[in-house]
> 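Dropping a structure here in C-alpha coordinates format, bear with me for questions.
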Number of protein chains: 2
Amino acid sequence: MLVIGERINGMFKDVRKAIQTKDKAIVQDLAKRQLASGANVLDVNVGPASADPVSAMKWLVETIYEAVDAPLAIDSPKPPVVEAGVKACKRPPIINSTDGSPDKMAALIPLAAEYKAGLIGLCMDEKGIPSTVDARLEVGMKILAACVEAGIEPQNVHLDPVILPVKFSQPQFAVSFETLRQLKTLSDPSPQLVVGLSNASQGCIDRHIVNRITLVMGIAGGLNEAIMDPFDTELMHAMITAELLMNKQIYCDSYIDAYMKSMGAGK
Amino acid sequence: MLVIGERINGMFKDVRKAIQTKDKAIVQDLAKRQLASGANVLDVNVGPASADPVSAMKWLVETIYEAVDAPLAIDSPKPPVVEAGVKACKRPPIINSTDGSPDKMAALIPLAAEYKAGLIGLCMDEKGIPSTVDARLEVGMKILAACVEAGIEPQNVHLDPVILPVKFSQPQFAVSFETLRQLKTLSDPSPQLVVGLSNASQGCIDRHIVNRITLVMGIAGGLNEAIMDPFDTELMHAMITAELLMNKQIYCDSYIDAYMKSMGAGK
(Lines give C-alpha, C1' and ligand atoms only; values in the text may rest on other atoms or scores of the structure.)
Protein backbone atom coordinates (compact mmCIF):
# COMPACT_ATOMS: atom_id res chain seq x y z
CA MET A 1 0.00 0.00 0.00
CA LEU A 2 1.26 3.43 -0.92
CA VAL A 3 0.41 5.86 1.88
CA ILE A 4 0.33 9.45 0.65
CA GLY A 5 0.40 11.55 3.81
CA GLU A 6 -2.21 14.28 3.68
CA ARG A 7 -1.07 16.58 6.46
CA ILE A 8 0.97 19.20 4.59
CA ASN A 9 -2.09 21.04 3.38
CA GLY A 10 -2.95 24.69 3.91
CA MET A 11 -6.45 23.68 4.92
CA PHE A 12 -4.97 22.63 8.28
CA LYS A 13 -4.44 25.58 10.61
CA ASP A 14 -0.87 24.71 11.55
CA VAL A 15 0.21 24.49 7.91
CA ARG A 16 -1.67 27.65 6.97
CA LYS A 17 0.14 29.51 9.72
CA ALA A 18 3.47 28.00 8.67
CA ILE A 19 2.97 29.17 5.08
CA GLN A 20 1.92 32.63 6.19
CA THR A 21 4.80 33.09 8.64
CA LYS A 22 7.36 31.11 6.63
CA ASP A 23 7.86 28.82 9.62
CA LYS A 24 9.88 25.95 8.19
CA ALA A 25 9.99 23.94 11.41
CA ILE A 26 6.24 23.17 11.38
CA VAL A 27 6.37 21.86 7.81
CA GLN A 28 9.56 19.91 8.31
CA ASP A 29 8.28 18.34 11.51
CA LEU A 30 5.11 17.23 9.73
CA ALA A 31 7.22 15.79 6.90
CA LYS A 32 9.44 13.80 9.25
CA ARG A 33 6.66 12.60 11.49
CA GLN A 34 4.46 11.46 8.60
CA LEU A 35 7.32 9.40 7.18
CA ALA A 36 8.03 7.98 10.63
CA SER A 37 4.34 7.05 10.92
CA GLY A 38 4.37 5.01 7.73
CA ALA A 39 3.78 7.50 4.89
CA ASN A 40 5.60 6.67 1.65
CA VAL A 41 4.83 9.92 -0.17
CA LEU A 42 4.03 13.40 1.17
CA ASP A 43 1.14 15.32 -0.34
CA VAL A 44 1.86 19.06 -0.65
CA ASN A 45 -1.08 21.42 -0.95
CA VAL A 46 -1.02 25.18 -0.36
CA GLY A 47 -4.77 25.26 0.15
CA PRO A 48 -6.30 28.65 0.88
CA ALA A 49 -3.25 29.79 2.86
CA SER A 50 -1.64 32.19 0.42
CA ALA A 51 -2.52 34.91 -2.07
CA ASP A 52 0.50 33.75 -4.07
CA PRO A 53 0.07 29.98 -4.24
CA VAL A 54 2.82 29.56 -6.86
CA SER A 55 5.44 30.97 -4.53
CA ALA A 56 3.94 29.18 -1.55
CA MET A 57 4.10 25.82 -3.32
CA LYS A 58 7.72 26.39 -4.28
CA TRP A 59 8.55 27.34 -0.71
CA LEU A 60 6.76 24.26 0.68
CA VAL A 61 8.60 21.87 -1.65
CA GLU A 62 11.99 23.42 -0.95
CA THR A 63 11.31 23.49 2.77
CA ILE A 64 10.37 19.80 2.80
CA TYR A 65 13.45 18.81 0.80
CA GLU A 66 15.68 20.61 3.29
CA ALA A 67 14.50 18.12 5.91
CA VAL A 68 13.70 14.85 4.11
CA ASP A 69 14.28 13.20 0.75
CA ALA A 70 10.88 11.65 0.07
CA PRO A 71 8.65 11.48 -2.97
CA LEU A 72 6.04 14.23 -3.02
CA ALA A 73 2.53 14.54 -4.42
CA ILE A 74 2.08 18.04 -5.80
CA ASP A 75 -1.53 18.86 -5.05
CA SER A 76 -3.43 21.83 -6.45
CA PRO A 77 -6.47 22.48 -8.59
CA LYS A 78 -4.42 25.15 -10.44
CA PRO A 79 -2.05 23.92 -13.15
CA PRO A 80 0.44 26.82 -12.70
CA VAL A 81 0.74 25.94 -9.00
CA VAL A 82 1.27 22.28 -9.89
CA GLU A 83 3.92 23.27 -12.41
CA ALA A 84 5.81 25.36 -9.86
CA GLY A 85 5.77 22.44 -7.44
CA VAL A 86 6.89 19.89 -10.01
CA LYS A 87 9.75 22.10 -11.14
CA ALA A 88 10.95 22.51 -7.56
CA CYS A 89 11.07 18.75 -7.00
CA LYS A 90 14.40 16.94 -6.84
CA ARG A 91 12.87 13.69 -8.04
CA PRO A 92 9.75 12.87 -10.05
CA PRO A 93 6.65 13.60 -7.97
CA ILE A 94 3.07 12.47 -8.34
CA ILE A 95 0.84 15.19 -9.79
CA ASN A 96 -2.42 15.47 -7.84
CA SER A 97 -4.52 15.72 -9.97
CA THR A 98 -6.07 15.91 -13.39
CA ASP A 99 -9.64 14.97 -14.18
CA GLY A 100 -11.18 14.13 -17.56
CA SER A 101 -11.79 17.73 -18.65
CA PRO A 102 -9.89 18.71 -21.80
CA ASP A 103 -8.27 21.79 -20.23
CA LYS A 104 -6.88 19.93 -17.25
CA MET A 105 -5.62 17.04 -19.33
CA ALA A 106 -4.01 19.41 -21.85
CA ALA A 107 -2.17 21.20 -19.06
CA LEU A 108 -1.12 18.31 -16.84
CA ILE A 109 -0.51 15.26 -19.02
CA PRO A 110 2.37 16.88 -20.97
CA LEU A 111 3.80 18.17 -17.69
CA ALA A 112 3.71 14.68 -16.17
CA ALA A 113 5.29 13.20 -19.29
CA GLU A 114 8.06 15.82 -19.39
CA TYR A 115 9.02 15.38 -15.73
CA LYS A 116 8.47 11.58 -15.61
CA ALA A 117 5.93 12.30 -12.90
CA GLY A 118 3.06 10.07 -11.81
CA LEU A 119 -0.40 11.52 -12.46
CA ILE A 120 -3.55 11.09 -10.41
CA GLY A 121 -6.66 11.06 -12.60
CA LEU A 122 -10.05 11.66 -11.01
CA CYS A 123 -12.99 9.88 -12.66
CA MET A 124 -14.90 13.12 -13.17
CA ASP A 125 -14.81 15.88 -15.73
CA GLU A 126 -16.07 19.37 -16.56
CA LYS A 127 -19.65 18.06 -16.36
CA GLY A 128 -19.22 16.85 -12.80
CA ILE A 129 -18.96 13.51 -11.01
CA PRO A 130 -20.78 10.80 -12.97
CA SER A 131 -23.39 8.91 -11.01
CA THR A 132 -22.84 5.53 -12.69
CA VAL A 133 -19.97 3.06 -12.69
CA ASP A 134 -19.84 2.96 -16.48
CA ALA A 135 -19.63 6.72 -16.83
CA ARG A 136 -16.83 6.94 -14.25
CA LEU A 137 -14.97 4.12 -15.98
CA GLU A 138 -15.32 5.96 -19.27
CA VAL A 139 -13.61 9.02 -17.78
CA GLY A 140 -10.91 6.82 -16.22
CA MET A 141 -10.30 5.13 -19.56
CA LYS A 142 -10.11 8.49 -21.33
CA ILE A 143 -7.45 9.75 -18.91
CA LEU A 144 -5.49 6.49 -19.02
CA ALA A 145 -5.53 6.39 -22.82
CA ALA A 146 -4.40 10.03 -23.09
CA CYS A 147 -1.57 9.34 -20.62
CA VAL A 148 -0.36 6.28 -22.49
CA GLU A 149 -0.59 8.21 -25.74
CA ALA A 150 1.68 10.86 -24.17
CA GLY A 151 4.23 8.24 -23.18
CA ILE A 152 3.28 7.79 -19.52
CA GLU A 153 3.39 4.15 -18.39
CA PRO A 154 0.08 2.81 -17.02
CA GLN A 155 1.84 2.12 -13.70
CA ASN A 156 2.47 5.86 -13.41
CA VAL A 157 -1.22 6.64 -13.82
CA HIS A 158 -3.11 6.70 -10.52
CA LEU A 159 -6.87 6.51 -11.11
CA ASP A 160 -9.25 7.72 -8.41
CA PRO A 161 -12.89 6.55 -8.60
CA VAL A 162 -13.85 9.62 -6.49
CA ILE A 163 -15.33 9.16 -3.04
CA LEU A 164 -17.85 11.73 -1.83
CA PRO A 165 -18.79 12.30 1.82
CA VAL A 166 -21.05 9.52 3.05
CA LYS A 167 -23.00 12.11 5.00
CA PHE A 168 -24.11 13.86 1.83
CA SER A 169 -23.90 11.27 -0.94
CA GLN A 170 -24.44 7.93 0.70
CA PRO A 171 -25.57 5.83 -2.29
CA GLN A 172 -22.47 6.75 -4.29
CA PHE A 173 -20.21 4.57 -2.15
CA ALA A 174 -21.32 1.44 -3.94
CA VAL A 175 -20.61 3.19 -7.25
CA SER A 176 -17.13 4.20 -6.08
CA PHE A 177 -16.27 0.71 -4.83
CA GLU A 178 -17.48 -0.99 -8.00
CA THR A 179 -15.68 1.58 -10.17
CA LEU A 180 -12.52 0.80 -8.23
CA ARG A 181 -12.86 -2.92 -8.88
CA GLN A 182 -13.34 -2.37 -12.59
CA LEU A 183 -10.66 0.31 -13.01
CA LYS A 184 -8.11 -2.34 -12.07
CA THR A 185 -8.91 -4.23 -15.27
CA LEU A 186 -8.52 -1.28 -17.66
CA SER A 187 -4.97 -2.19 -18.60
CA ASP A 188 -2.27 -4.77 -17.98
CA PRO A 189 -0.19 -3.74 -16.11
CA SER A 190 -3.05 -2.04 -14.35
CA PRO A 191 -3.08 1.60 -13.32
CA GLN A 192 -2.58 2.38 -9.64
CA LEU A 193 -5.83 2.80 -7.71
CA VAL A 194 -6.02 5.70 -5.29
CA VAL A 195 -8.60 7.57 -3.24
CA GLY A 196 -8.61 10.76 -1.21
CA LEU A 197 -9.74 8.94 1.88
CA SER A 198 -10.70 11.75 4.22
CA ASN A 199 -13.35 12.95 1.77
CA ALA A 200 -15.42 9.95 2.84
CA SER A 201 -15.94 11.25 6.36
CA GLN A 202 -16.40 14.99 5.80
CA GLY A 203 -19.05 16.31 8.16
CA CYS A 204 -19.25 13.06 10.15
CA ILE A 205 -19.02 13.17 13.93
CA ASP A 206 -16.61 10.24 14.16
CA ARG A 207 -14.48 10.64 11.08
CA HIS A 208 -11.93 8.03 12.12
CA ILE A 209 -14.16 4.98 11.91
CA VAL A 210 -15.65 6.06 8.58
CA ASN A 211 -12.17 6.57 7.11
CA ARG A 212 -11.00 3.24 8.50
CA ILE A 213 -13.90 1.19 7.16
CA THR A 214 -13.78 2.97 3.79
CA LEU A 215 -10.10 2.14 3.45
CA VAL A 216 -10.61 -1.55 4.30
CA MET A 217 -13.51 -1.88 1.86
CA GLY A 218 -11.39 -0.15 -0.77
CA ILE A 219 -8.49 -2.54 -0.22
CA ALA A 220 -10.94 -5.43 -0.61
CA GLY A 221 -11.76 -3.96 -4.04
CA GLY A 222 -8.14 -3.56 -5.14
CA LEU A 223 -7.19 -0.12 -3.80
CA ASN A 224 -3.43 0.07 -3.45
CA GLU A 225 -2.86 3.74 -2.59
CA ALA A 226 -4.59 6.36 -0.47
CA ILE A 227 -4.12 9.98 0.39
CA MET A 228 -4.68 9.69 4.12
CA ASP A 229 -3.62 10.59 7.63
CA PRO A 230 -0.66 8.45 8.69
CA PHE A 231 -0.97 9.84 12.23
CA ASP A 232 -4.22 7.89 12.64
CA THR A 233 -2.74 4.76 14.21
CA GLU A 234 -5.92 2.71 14.10
CA LEU A 235 -6.29 3.57 10.42
CA MET A 236 -2.76 2.37 9.75
CA HIS A 237 -3.36 -0.85 11.69
CA ALA A 238 -6.60 -1.51 9.79
CA MET A 239 -4.76 -0.95 6.51
CA ILE A 240 -1.92 -3.30 7.47
CA THR A 241 -4.39 -6.01 8.53
CA ALA A 242 -6.42 -5.65 5.35
CA GLU A 243 -3.25 -6.03 3.31
CA LEU A 244 -2.37 -9.12 5.35
CA LEU A 245 -5.75 -10.65 4.52
CA MET A 246 -5.15 -9.81 0.84
CA ASN A 247 -1.91 -11.81 1.18
CA LYS A 248 0.27 -8.79 0.49
CA GLN A 249 2.54 -9.55 3.44
CA ILE A 250 3.35 -12.67 5.41
CA TYR A 251 1.67 -13.30 8.74
CA CYS A 252 3.72 -13.22 11.89
CA ASP A 253 2.37 -12.56 15.37
CA SER A 254 3.85 -9.07 15.30
CA TYR A 255 2.85 -8.31 11.70
CA ILE A 256 1.73 -4.76 12.52
CA ASP A 257 4.99 -3.88 14.28
CA ALA A 258 6.97 -5.57 11.53
CA TYR A 259 5.22 -3.49 8.88
CA MET A 260 5.71 -0.26 10.78
CA LYS A 261 9.39 -1.04 11.36
CA SER A 262 9.83 -1.77 7.65
CA MET A 263 8.49 1.75 7.04
CA GLY A 264 11.08 3.23 9.36
CA ALA A 265 8.41 4.03 11.91
CA GLY A 266 9.63 5.41 15.20
CA LYS A 267 12.80 6.87 13.69
CA MET B 1 -26.70 -7.84 8.74
CA LEU B 2 -27.75 -10.94 10.62
CA VAL B 3 -25.57 -11.31 13.70
CA ILE B 4 -25.49 -14.90 14.93
CA GLY B 5 -24.08 -14.68 18.46
CA GLU B 6 -21.35 -17.28 18.99
CA ARG B 7 -21.03 -17.28 22.75
CA ILE B 8 -23.28 -20.19 23.78
CA ASN B 9 -20.69 -22.78 22.84
CA GLY B 10 -19.23 -25.48 25.04
CA MET B 11 -15.77 -24.53 23.82
CA PHE B 12 -15.98 -21.53 26.13
CA LYS B 13 -15.15 -22.36 29.73
CA ASP B 14 -18.17 -20.67 31.26
CA VAL B 15 -20.58 -22.50 28.97
CA ARG B 16 -18.84 -25.82 29.46
CA LYS B 17 -19.17 -25.41 33.20
CA ALA B 18 -22.82 -24.40 32.85
CA ILE B 19 -23.58 -27.53 30.82
CA GLN B 20 -21.74 -29.76 33.25
CA THR B 21 -23.34 -28.27 36.36
CA LYS B 22 -26.74 -27.55 34.76
CA ASP B 23 -26.33 -23.88 35.68
CA LYS B 24 -29.12 -22.18 33.77
CA ALA B 25 -28.25 -18.67 34.89
CA ILE B 26 -24.95 -18.58 32.98
CA VAL B 27 -26.60 -19.65 29.71
CA GLN B 28 -29.59 -17.37 30.13
CA ASP B 29 -27.40 -14.40 30.96
CA LEU B 30 -25.34 -15.02 27.82
CA ALA B 31 -28.53 -15.27 25.78
CA LYS B 32 -29.93 -11.99 27.10
CA ARG B 33 -26.67 -10.08 26.90
CA GLN B 34 -25.94 -11.20 23.34
CA LEU B 35 -29.35 -10.02 22.20
CA ALA B 36 -28.87 -6.74 24.06
CA SER B 37 -25.51 -6.34 22.32
CA GLY B 38 -27.03 -6.62 18.85
CA ALA B 39 -27.27 -10.36 18.10
CA ASN B 40 -30.30 -11.39 16.01
CA VAL B 41 -29.85 -15.14 16.36
CA LEU B 42 -28.15 -17.21 19.07
CA ASP B 43 -25.84 -20.03 18.05
CA VAL B 44 -26.12 -23.07 20.33
CA ASN B 45 -23.24 -25.51 20.40
CA VAL B 46 -22.56 -28.14 23.08
CA GLY B 47 -18.94 -28.43 22.02
CA PRO B 48 -16.79 -30.87 23.98
CA ALA B 49 -18.67 -30.20 27.22
CA SER B 50 -20.76 -33.31 27.55
CA ALA B 51 -20.57 -37.06 27.06
CA ASP B 52 -24.25 -36.93 26.14
CA PRO B 53 -24.44 -34.10 23.61
CA VAL B 54 -28.00 -34.97 22.56
CA SER B 55 -29.33 -34.33 26.07
CA ALA B 56 -27.03 -31.35 26.53
CA MET B 57 -28.29 -29.71 23.31
CA LYS B 58 -31.92 -30.23 24.37
CA TRP B 59 -31.17 -28.76 27.79
CA LEU B 60 -29.41 -25.74 26.26
CA VAL B 61 -32.28 -24.97 23.89
CA GLU B 62 -34.93 -25.32 26.61
CA THR B 63 -32.87 -23.25 29.02
CA ILE B 64 -32.46 -20.45 26.49
CA TYR B 65 -36.19 -20.43 25.65
CA GLU B 66 -37.03 -20.06 29.35
CA ALA B 67 -35.27 -16.70 29.25
CA VAL B 68 -35.67 -15.30 25.73
CA ASP B 69 -37.70 -15.87 22.60
CA ALA B 70 -35.08 -15.54 19.89
CA PRO B 71 -34.22 -17.52 16.77
CA LEU B 72 -31.50 -20.08 17.38
CA ALA B 73 -28.80 -21.65 15.22
CA ILE B 74 -28.44 -25.29 16.17
CA ASP B 75 -24.75 -25.99 15.81
CA SER B 76 -23.17 -29.43 15.87
CA PRO B 77 -21.13 -31.64 13.57
CA LYS B 78 -23.35 -34.58 14.62
CA PRO B 79 -26.74 -34.88 12.88
CA PRO B 80 -28.44 -36.58 15.90
CA VAL B 81 -27.42 -33.65 18.11
CA VAL B 82 -28.74 -31.21 15.50
CA GLU B 83 -31.99 -33.12 15.31
CA ALA B 84 -32.45 -33.01 19.09
CA GLY B 85 -31.89 -29.27 19.04
CA VAL B 86 -34.21 -28.61 16.13
CA LYS B 87 -36.99 -30.65 17.75
CA ALA B 88 -36.65 -28.68 20.98
CA CYS B 89 -37.02 -25.33 19.18
CA LYS B 90 -40.25 -23.35 19.48
CA ARG B 91 -39.75 -21.70 16.13
CA PRO B 92 -37.77 -22.68 13.01
CA PRO B 93 -34.04 -22.42 13.74
CA ILE B 94 -31.06 -22.26 11.43
CA ILE B 95 -29.23 -25.57 11.18
CA ASN B 96 -25.46 -25.10 11.48
CA SER B 97 -24.36 -26.87 9.31
CA THR B 98 -24.20 -29.25 6.41
CA ASP B 99 -21.39 -29.45 3.92
CA GLY B 100 -21.38 -30.99 0.46
CA SER B 101 -20.77 -34.58 1.59
CA PRO B 102 -23.59 -36.97 0.66
CA ASP B 103 -24.05 -38.28 4.23
CA LYS B 104 -24.42 -34.83 5.76
CA MET B 105 -26.77 -33.60 3.05
CA ALA B 106 -28.89 -36.76 3.29
CA ALA B 107 -29.28 -36.27 7.04
CA LEU B 108 -29.75 -32.52 7.30
CA ILE B 109 -31.54 -31.31 4.17
CA PRO B 110 -34.71 -33.35 4.85
CA LEU B 111 -34.58 -32.23 8.49
CA ALA B 112 -34.37 -28.57 7.46
CA ALA B 113 -37.22 -29.05 4.98
CA GLU B 114 -39.43 -30.80 7.53
CA TYR B 115 -38.95 -28.13 10.22
CA LYS B 116 -38.90 -25.14 7.82
CA ALA B 117 -35.45 -24.44 9.19
CA GLY B 118 -32.71 -22.45 7.55
CA LEU B 119 -29.61 -24.42 6.64
CA ILE B 120 -26.00 -23.29 6.62
CA GLY B 121 -24.01 -25.01 3.86
CA LEU B 122 -20.22 -24.99 4.05
CA CYS B 123 -18.41 -24.96 0.69
CA MET B 124 -16.42 -28.10 1.53
CA ASP B 125 -17.14 -31.80 1.39
CA GLU B 126 -15.84 -35.23 2.40
CA LYS B 127 -12.67 -34.56 0.37
CA GLY B 128 -11.84 -31.42 2.34
CA ILE B 129 -11.84 -27.68 1.72
CA PRO B 130 -11.27 -26.93 -1.97
CA SER B 131 -8.38 -24.62 -2.71
CA THR B 132 -9.98 -22.87 -5.69
CA VAL B 133 -12.92 -20.52 -6.06
CA ASP B 134 -14.50 -22.68 -8.76
CA ALA B 135 -14.36 -25.83 -6.68
CA ARG B 136 -15.89 -24.09 -3.66
CA LEU B 137 -18.62 -22.64 -5.84
CA GLU B 138 -19.32 -26.10 -7.21
CA VAL B 139 -19.91 -27.41 -3.68
CA GLY B 140 -22.07 -24.38 -2.84
CA MET B 141 -24.13 -24.91 -5.98
CA LYS B 142 -24.55 -28.63 -5.17
CA ILE B 143 -25.87 -27.82 -1.69
CA LEU B 144 -28.14 -25.05 -2.95
CA ALA B 145 -29.59 -27.23 -5.71
CA ALA B 146 -30.24 -30.11 -3.30
CA CYS B 147 -31.97 -27.73 -0.89
CA VAL B 148 -34.19 -26.21 -3.56
CA GLU B 149 -34.99 -29.73 -4.80
CA ALA B 150 -36.10 -30.58 -1.25
CA GLY B 151 -38.39 -27.57 -1.12
CA ILE B 152 -36.18 -25.17 0.84
CA GLU B 153 -36.31 -21.61 -0.48
CA PRO B 154 -32.94 -20.17 -1.59
CA GLN B 155 -33.36 -17.42 1.01
CA ASN B 156 -33.33 -20.13 3.69
CA VAL B 157 -30.02 -21.48 2.45
CA HIS B 158 -27.02 -19.82 4.09
CA LEU B 159 -23.83 -20.54 2.13
CA ASP B 160 -20.45 -20.22 3.84
CA PRO B 161 -17.35 -19.88 1.60
CA VAL B 162 -15.27 -21.20 4.57
CA ILE B 163 -12.66 -19.00 6.16
CA LEU B 164 -9.54 -20.64 7.58
CA PRO B 165 -7.20 -19.05 10.12
CA VAL B 166 -5.03 -16.41 8.46
CA LYS B 167 -2.15 -17.56 10.63
CA PHE B 168 -2.13 -20.99 9.01
CA SER B 169 -3.73 -20.56 5.60
CA GLN B 170 -3.05 -17.01 4.55
CA PRO B 171 -3.45 -17.26 0.77
CA GLN B 172 -6.92 -18.79 1.10
CA PHE B 173 -8.46 -15.48 2.18
CA ALA B 174 -8.54 -14.21 -1.38
CA VAL B 175 -10.24 -17.47 -2.40
CA SER B 176 -12.84 -17.10 0.36
CA PHE B 177 -13.62 -13.47 -0.50
CA GLU B 178 -13.93 -14.18 -4.22
CA THR B 179 -16.07 -17.27 -3.53
CA LEU B 180 -18.32 -15.07 -1.41
CA ARG B 181 -18.76 -12.56 -4.21
CA GLN B 182 -19.68 -15.25 -6.69
CA LEU B 183 -21.93 -17.26 -4.35
CA LYS B 184 -24.25 -14.28 -4.30
CA THR B 185 -24.99 -14.78 -7.98
CA LEU B 186 -25.88 -18.48 -7.76
CA SER B 187 -29.61 -17.83 -7.62
CA ASP B 188 -32.16 -15.05 -7.70
CA PRO B 189 -33.23 -14.47 -4.96
CA SER B 190 -29.71 -15.16 -3.80
CA PRO B 191 -28.80 -17.42 -0.91
CA GLN B 192 -27.73 -15.80 2.35
CA LEU B 193 -23.97 -15.43 2.71
CA VAL B 194 -22.49 -16.32 6.07
CA VAL B 195 -19.08 -16.94 7.65
CA GLY B 196 -17.87 -18.26 10.97
CA LEU B 197 -15.88 -15.13 11.64
CA SER B 198 -13.73 -16.10 14.60
CA ASN B 199 -12.09 -18.87 12.57
CA ALA B 200 -10.19 -16.13 10.76
CA SER B 201 -8.18 -15.14 13.80
CA GLN B 202 -7.49 -18.49 15.47
CA GLY B 203 -4.00 -18.48 16.89
CA CYS B 204 -3.47 -14.75 16.29
CA ILE B 205 -2.19 -12.57 19.12
CA ASP B 206 -4.70 -9.78 18.45
CA ARG B 207 -7.79 -11.65 17.34
CA HIS B 208 -10.06 -8.61 17.49
CA ILE B 209 -8.51 -6.62 14.67
CA VAL B 210 -8.28 -9.66 12.39
CA ASN B 211 -11.96 -10.47 13.00
CA ARG B 212 -12.95 -6.85 12.44
CA ILE B 213 -11.08 -6.40 9.17
CA THR B 214 -12.25 -9.80 7.89
CA LEU B 215 -15.85 -8.83 8.57
CA VAL B 216 -15.56 -5.49 6.78
CA MET B 217 -13.89 -7.07 3.75
CA GLY B 218 -16.60 -9.71 3.73
CA ILE B 219 -19.36 -7.11 3.83
CA ALA B 220 -17.67 -5.37 0.89
CA GLY B 221 -18.04 -8.68 -0.99
CA GLY B 222 -21.70 -9.18 -0.13
CA LEU B 223 -21.60 -10.97 3.23
CA ASN B 224 -24.89 -10.42 5.03
CA GLU B 225 -24.58 -12.74 8.03
CA ALA B 226 -21.84 -13.79 10.43
CA ILE B 227 -21.45 -16.08 13.38
CA MET B 228 -19.54 -13.71 15.61
CA ASP B 229 -19.04 -12.19 19.05
CA PRO B 230 -21.62 -9.46 19.66
CA PHE B 231 -19.79 -8.49 22.87
CA ASP B 232 -16.92 -7.16 20.74
CA THR B 233 -18.08 -3.55 20.58
CA GLU B 234 -15.50 -2.41 18.05
CA LEU B 235 -16.46 -5.32 15.82
CA MET B 236 -20.11 -4.30 15.99
CA HIS B 237 -19.24 -0.68 15.22
CA ALA B 238 -17.10 -1.72 12.25
CA MET B 239 -19.98 -3.85 10.96
CA ILE B 240 -22.50 -1.04 11.33
CA THR B 241 -20.21 1.41 9.53
CA ALA B 242 -19.52 -1.05 6.71
CA GLU B 243 -23.25 -1.54 6.26
CA LEU B 244 -23.70 2.24 6.21
CA LEU B 245 -21.14 2.51 3.41
CA MET B 246 -22.98 -0.26 1.54
CA ASN B 247 -26.09 1.96 1.81
CA LYS B 248 -27.93 -0.56 4.00
CA GLN B 249 -28.98 2.10 6.51
CA ILE B 250 -29.38 5.85 6.35
CA TYR B 251 -26.65 8.13 7.66
CA CYS B 252 -27.29 10.20 10.73
CA ASP B 253 -24.63 11.57 13.05
CA SER B 254 -25.54 8.96 15.66
CA TYR B 255 -25.91 6.09 13.17
CA ILE B 256 -24.09 3.61 15.44
CA ASP B 257 -26.26 4.39 18.45
CA ALA B 258 -29.37 4.36 16.28
CA TYR B 259 -28.52 0.90 14.96
CA MET B 260 -27.81 -0.45 18.41
CA LYS B 261 -31.04 0.99 19.76
CA SER B 262 -32.97 -0.57 16.90
CA MET B 263 -31.50 -3.91 18.01
CA GLY B 264 -32.78 -3.37 21.54
CA ALA B 265 -29.26 -2.84 22.78
CA GLY B 266 -28.95 -1.84 26.41
CA LYS B 267 -32.25 -3.45 27.36
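Please read these numbers as outputs of a predicted model, since none were measured by experiment.
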> Please determine whether the number of non-hydrogen atoms from other residues, nucleotides or ligands lying under 6.0 Å from atom CD of A:E153 exceeds 12.
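Check fails, neighbour count at 12 or below.
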> What distance separates A:D257 CG from B:I205 CD1, expressed to the nearest 0.5 Å?
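Here the interatomic distance stands at 11.0 Å.
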> Heavy-atom distance under 4.5 Å to chain A: side chain of B:L244, backbone, both or neither?
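Contact with chain A involves both backbone and side-chain atoms of B:L244.
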> Considering only heavy atoms, which portion of A:Y255 lies under 4.5 Å from any heavy atom of chain B: side chain, backbone, both, or neither?
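Interface part for A:Y255: side chain.
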> With rounding to the nearest 0.5 angstrom, report the OG1 to CG distance, A:T214 to B:L245.
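Atom-to-atom, A:T214:OG1 and B:L245:CG are 4.5 Å apart.
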> Can you say whether B:Q172 sits under 4.5 Å from chain A via the side chain, the backbone, both, or neither, judging by heavy atoms?
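Neither part.
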> May I ask you to check whether over 12 heavy atoms, not counting those of B:Q249, lie within 6.0 Å of atom CD?
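Above 12, so yes.
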> Taking CD in B:Q182 as the centre, count heavy atoms belonging to other residues, nucleotides or ligands within less than 6.0 Å. Is the count above 12?
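For B:Q182, atom CD is crowded (more than 12 foreign heavy atoms under 6.0 Å).
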> Relative to chain A, which of B:D206, B:I250, B:V166, B:I209 shows the most heavy atom pairs under 4.5 Å?
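The answer is B:I209.
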> Using non-hydrogen atoms only, which part of B:S254 is less than 4.5 Å away from chain A: side chain, backbone, both, or neither?
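Answer is neither: B:S254 stays 4.5 Å or more from chain A.
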> Heavy-atom distance under 4.5 Å to chain A: side chain of B:E243, backbone, both or neither?
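Contact with chain A is absent: no heavy atom of B:E243 under 4.5 Å.
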> I need the minimum non-hydrogen distance between A:D253 and B:G203, along with the two atoms involved.
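Heavy-atom minimum between the residues: OD1-O, 4.1 Å.
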> Is a donor on one side and an acceptor on the other found under 3.5 Å between the side chain of A:Q170 and the backbone of B:Y251?
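Checked: pair present.
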> Using a 4.5 angstrom heavy-atom cutoff, name the option from A:G221, A:A174, A:A200, A:C204 with the most pairs to chain B.
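Answer, by heavy-atom pair count under 4.5 Å with chain B: A:C204.
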> Does any part of the side chain of A:V216, heavy atoms only, come nearer than 4.5 Å to the side chain of B:R212, both counted from C-beta?
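Side chain of B:R212 against side chain of A:V216, heavy atoms only: no contact under 4.5 Å found.
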